[in-house]
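Remember, it's 1-based here, ligands and their atoms both numbered in the order they're listed. The residues of the chain are indexed from 1 along the displayed sequence.
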Amino acid sequence: MNDCIAGGGPERQADLIAAISTATGPGAVCVVRLSGQGVREALGCVFEAARGPVGRPREMVYGKLVHPKTGEMIDRAMAVFFPAPRSFTGEDTAEIFGHGGSTIPRLILEAVMAAGARLANPGEFTQRAFLNDRLSLDQAEAVADLVAAQGEAEAALAARHLEGALSAKIKPLVDRAVALQAELVAILDFEEEWDEGARAKTMGALEGLHSEIQTLVGIGKNLRVFRDGLRLVLTGLPNAGKSSLFNALLGRDRALVSPRPGTTRDYLEATVSWDGLRVELVDTAGLGARSGDELEGLGQEMALRELGEADVIVRLRSVTDPGPEGTGAFPGADKILTVWSKADLRAGPLPDGSIAVSALTGEGLGELKLAALEKVGVAPGLAPEIVPNLRQRMALEEAGDSIGQALRALTDLMPPDIAALEVAAALGSLNRITGRAYTDDVLAQVFANFCVGK
Ligand SMILES: Nc1nc2c(ncn2[C@@H]2O[C@H](COP(=O)(O)OP(=O)(O)OP(=O)(O)O)[C@@H](O)[C@H]2O)c(=O)[nH]1
Ligand SMILES: [Mg+2]
């Protein structure tokens, strides 16, 4: 048995952490990851390579895993060592590939902890990668998004952010803010030379910067569905065919359908994928004249609440019983997409530009999807390069506000150092996005969303 106290290694490495990086439960293989000071020693304590030593850089080795204290064999496994700085965290790192399931991963983890590691906090590997400059903060967030992605659109977006697409947009804005700030500070010494023309030029540059920041804010707001998915709520009179359409869009009979009005009481949710985009379909109780039935009333209240949560409200009007034309009582008028239902029963033509669907024949379902996506600004095939998340968007909004203040200061003919201070504030906000400037609070907020082992 080896002498098993991990330690040594370059000064700059943080303490040794370990975690199971794969999901628990049935699975052929698990990965236990280690990072920090003493990785190589700890690996030597738990892993007996079949041939040659373990710990040659980036070389996968086959061998036997043993508990360092008892010497008991745990598993046959593979292990690989990544020396600092060319590793995910930038520190010495190792990965052990053992068998999966509910027990072996835990035993491997216990063994590496007996060899001197402590259990990693959520996101601690990625946090170290950020602190060691392996990733920017927006890239670190993309790691979590990639793991959490539900559907191809979310995954593709996270992959682009991981490649640094957002940093690439922020960097030139930062450069321009730096230049503008320097210019405004320099003017202090030559204020007499700062004539109307020079002032107008600086203001033009600030306006350009402001509008680009606003564009990114707008993308974050308008294309939010690429991160959060789209919540589509079906509403209409009782019997309008909501549950039938819900089933047709889902491709299976999930909701009860009957010719009796007031069939649906509780709301029903189901997730589908449209063009890789996650769509939450919600079927609700019909809205309309109440029969006085208590449950019907409760169902309608619930339906109204759901309308408030919707990104798109599909309001069905049956061709056989359309009810009133207006949408007066509905909250969220701008989210409403009016759609004719039971199109197979129509007697004559419908008004121009109407969307008509039939749950029975499947007519119009494709059109309905396109129109719903268009309602939230998603054109067919749209794959946005970036969509700032809420944290990033708030920082962008703050940056935009500061640039706006700088412009106001110059418009009001205040001294240029006032504007310079505002530009500096904007710079701070922009730098928070990529993590060039950060506080412990921001790190805690970002990495709280991670799982252990990432
Ligand atoms: N011909 C035809 N009948 C339909 C279509 N959609 C629904 N129906 C019929 O209309 C009746 C009501 O359908 P539902 O889907 O239960 O309507 P709903 O809007 O969910 O009704 P409530 O839950 O009671 O508010 C049922 O008898 C359905 O078979 C359609 O596209 N074509
Ligand atoms: Mg129903």
Side-chain angles (χ1 to χ4, degrees), residues 230-272 274 279-333 335-375:
L230 183 157
R231 196 165 175 87
L232 186 149
V233 179
L234 298 169
T235 189
L237 289 177
N239 254 357
K242 301 176 293 298
S243 299
S244 303
L245 179 61
F246 179 79
N247 289 339
L249 289 170
L250 193 55
R252 66 190 163 90
D253 287 339
R254 165 88 171 74
L256 279 179
V257 165
S258 97
R260 222 181 64 186
T263 306
T264 307
R265 300 276 164 97
D266 298 328
Y267 71 90
L268 290 161
E269 288 176 299
T271 307
V272 291
W274 291 355
V279 179
E280 304 275 356
L281 297 174
V282 186
D283 179 24
T284 60
L287 295 177
R290 295 186 183 183
S291 60
D293 182 308
E294 191 198 348
L295 288 180
E296 185 183 48
L298 290 173
Q300 294 196 357
E301 277 170 31
M302 203 174 238
L304 284 170
R305 267 207 309 277
E306 277 307 307
L307 295 184
E309 300 289 311
D311 295 306
V312 174
I313 298 170
V314 170
R315 176 200 174 216
L316 288 185
R317 298 182 76 198
S318 150
V319 297
T320 53
D321 177 18
E325 196 169 321
T327 55
F330 286 46
K335 300 189 244 171
I336 297 176
L337 184 68
T338 299
V339 172
W340 294 95
S341 61
K342 309 191 191 181
D344 54 292
L345 296 179
R346 84 185 129 205
L350 295 166
D352 276 353
S354 318
I355 299 172
V357 298
S358 166
L360 199 68
T361 65
E363 176 191 341
L365 296 187
E367 258 179 286
L368 168 63
K369 289 180 191 175
L370 284 178
L373 291 175
E374 197 191 319
K375 195 96 194 149

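Taking distance alone, with nitrogen or oxygen atoms compared against 3.5 Å, Ser258 approaches ligand 1 more closely than that limit. Residue contacts with ligand 1: Ala343 is placed with no nitrogen or oxygen under 3.5 Å of a nitrogen or oxygen of the ligand (distance criterion only). Below 3.5 Å of separation, one finds no N or O of Leu256 facing any N or O of ligand 1. For ligand 1, the polar-atom distance check against Gly262 finds a nitrogen or oxygen pair separated by under 3.5 Å.
Contacts of Glu363 classified as side-chain hydrogen bond (donor to acceptor under 3.5 Å, both in side chains), with partners at least two apart in sequence or in another chain: Arg346.
More than 12 heavy atoms of other residues, nucleotides or ligands shown are found within 6.0 angstrom of CG on Leu295.
The nearest non-hydrogen atom to atom 3 (N) of ligand 1, considering only Lys342, Glu296, Arg265, comes from Lys342. When Asp344, Leu245, Thr235 are ranked by how near their heavy atoms come to atom 1 (N) of ligand 1, first place goes to Asp344. Of the candidates Ser341, Ala255, Pro238, Ser244, Ser244 brings a heavy atom nearest to atom 15 (O) of ligand 1.
When each atom of ligand 1 is checked for a heavy atom of Leu360 under 4.0 Å away, the hits are 1 (N), 30 (C), 31 (O), 32 (N).
The Mg ion (ligand 2) has an N, O or S atom of Thr264 inside 2.8 Å of it. At a cut-off of 2.8 Å, Ser244 does not coordinate the Mg ion (ligand 2) through any N, O or S atom.
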